[in-house]
Amino acid sequence: MASLGYGSASYLYPEFRDDVGQALRSYFQSGSVTEGDKAFDVSGNTYRVEADVAPFFEYRLFLQTGGFLSGVAMRPASGGKLVNWPDQHYENAVAKNQATQRAFKGCVRILKTARNRMIAEGYQSAAQVPSFLVECMTYNAPNTAFNHGTWTEDVRACLVSMFNQTGTQGDAAAMTEVSGLKALFGTHQKWDRERANAFIVDCWNYLGFE
């Protein structure tokens, strides 16, 4: 296991990253592997698709009550630290979907599809909002925003909730990623509340709501 550099570990993250790169270059042709800020790009050819290989390792959040939560982390070449919580994300998404009779994932798919079409049609606001953020904002909509009888009503209610939460009078600071362990907005994120709100407004109009 690699270490971020804390404690007495003798195998640190930079060494782990270098070893991943060397292993990839050894397995594939050297010219097929390009190192980026966060991941290694393995180019495609006639028998394999292009792929990104990101060197993550286990990250533990120790609790005052004892025990720990397990996530994953990396250090980009440009500096800083990225921590994600895939297990908690999955568990919370499943629970939300069950609590809304599968309407949560349905609304996420609809809004992601709308975002993709908006990008294709030149909406800058959609291009500035990752699909991950769309899922997280939908997750933060209360369960009462779902199960109105039609997808149109559910999506409309979700957008209303998302707009109110990300507006100047909203409580965007209380919104979290689906994992529930990271604030959805803040200096640690590559997006901000204002851009999210602009996308929601454009998406509302794009879908023809009044």
Side-chain angles (χ1 to χ4, degrees), residues 34-45 48-54 56 72 74 76-78 80 82-86 89-90 92-94 96-97 100 102-142 145-146 148 150-168 170 172-173 175-180 182-210:
T34 303
E35 183 173 0
D37 185 44
K38 301 181 182 69
F40 295 91
D41 177 74
V42 180
S43 61
N45 56 25
R48 68 167 185 262
V49 297
E50 182 176 350
D52 288 332
V53 179
F56 282 98
V72 295
M74 69 154 58
S78 59
L82 297 177
V83 179
N84 290 316
W85 306 94
H89 180 111
Y90 173 79
N92 287 351
V94 169
K96 180 82 169 183
N97 204 43
T100 59
R102 300 184 180 181
F104 164 61
K105 288 191 176 180
C107 286
V108 169
R109 284 193 294 269
I110 291 169
L111 289 170
K112 285 185 176 182
T113 298
R115 168 189 170 271
N116 292 340
R117 292 181 178 178
M118 290 169 68
I119 292 174
E121 295 178 25
Y123 282 80
Q124 186 64 25
S125 62
Q128 294 178 337
V129 172
S131 61
F132 176 77
L133 177 56
V134 173
E135 179 180 3
C136 290
M137 289 193 294
T138 309
Y139 175 81
N140 279 270
F146 304 88
H148 289 90
T150 69
W151 289 115
T152 298
E153 292 177 89
D154 283 2
V155 170
R156 178 189 178 96
C158 285
L159 286 173
V160 168
S161 175
M162 292 156 59
F163 174 80
N164 290 335
Q165 288 177 297
T166 60
T168 56
M175 301 176 76
T176 68
E177 294 185 2
V178 177
S179 69
K182 288 175 67 177
L184 189 55
F185 297 102
T187 55
H188 61 290
Q189 303 285 25
K190 59 184 178 182
W191 53 75
D192 55 43
R193 177 192 62 79
E194 292 82 3
R195 291 181 181 179
N197 191 261
F199 162 73
I200 294 165
V201 172
D202 283 347
C203 187
W204 175 274
N205 293 326
Y206 182 80
L207 293 175
F209 291 128
E210 297 180 354

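Both backbone and side-chain heavy atoms feed into the values below; hydrogens, waters and symmetry mates do not.
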Would you say that more than 12 heavy atoms from the other residues, nucleotides or ligands in this model lie under 6.0 Å from the [atom1] of [X], or not?
| X | atom1 | result |
| --- | --- | --- |
| Y206 | OH | yes |
| K182 | NZ | yes |
| R48 | CZ | yes |

Can you find a pair of side-chain heavy atoms, one from [X] and one from [Y], that are under 4.5 Å apart?
| X | Y | result |
| --- | --- | --- |
| V134 | V108 | no |
| V42 | V53 | yes |
| P86 | Y90 | no |
| M175 | M137 | yes |

Which heavy atom in [X] sits nearest to a heavy atom in [Y], and how many Å separate them?
| X | Y | value |
| --- | --- | --- |
| N140 | Q165 | O-NE2, 3.4 Å |
| V178 | N92 | O-ND2, 2.8 Å |
| A183 | H188 | O-NE2, 2.9 Å |
| K96 | P142 | NZ-C, 4.0 Å |
| R193 | A172 | CD-CB, 3.7 Å |
| A103 | N97 | N-OD1, 3.9 Å |

### Task
Could you check whether the rings of F209 and W204 sit parallel, tilted or perpendicular, using 30° and 60° as the cut-offs?
tilted
### Query
In terms of ring plane angle, is the pair W191 and F132 parallel, tilted or perpendicular, where the classes change at 30° and 60°?
tilted
#### Entry: Criterion side-chain contact (heavy atoms from CB on, under 4.5 Å) on S43 and T34, from CA distance to verdict
CA-CA 8 Å; S43 61; T34 303; over 6 Å; no
#### Entry: Polar side chain donor-acceptor pair, E177 to Q189, under 3.5 angstrom
yes
#### Entry: Passing candidate, salt bridge (Lys or Arg N to Asp or Glu O under 4.0 Å) with E135, options K112, R109, K105
K112
### Identified side-chain hydrogen bond (donor to acceptor under 3.5 Å, both in side chains) counterpart of N197 within the set N164, T166, D192
T166
Euclidean distance, [Y] [atom2] relative to [X] [atom1], rounded to 0.5 Å:
| X | Y | atom1 | atom2 | value |
| --- | --- | --- | --- | --- |
| L207 | I110 | CG | CD1 | 9.0 Å |
| N116 | E121 | CG | CD | 11.5 Å |
| Y139 | S179 | OH | OG | 8.5 Å |
| T113 | M118 | OG1 | CE | 12.5 Å |
| F199 | F163 | CZ | CZ | 14.0 Å |
| F104 | T138 | CZ | OG1 | 6.5 Å |

### Message
Applying side-chain contact (heavy atoms from CB on, under 4.5 Å) to Y123 and R115, what does each step give before you reach the verdict?
### Response
CA-CA 9 Å; Y123 282 80; R115 168 189 170 271; over 6 Å; no
### Query
Can you tell me if D37 uses its side chain to pair, donor with acceptor, with the backbone of P76 under 3.5 Å?
no
### Query
If only atom types and distance count, is the side chain of D154 paired as donor or acceptor with the main-chain N or O of H148 below 3.5 Å?
yes
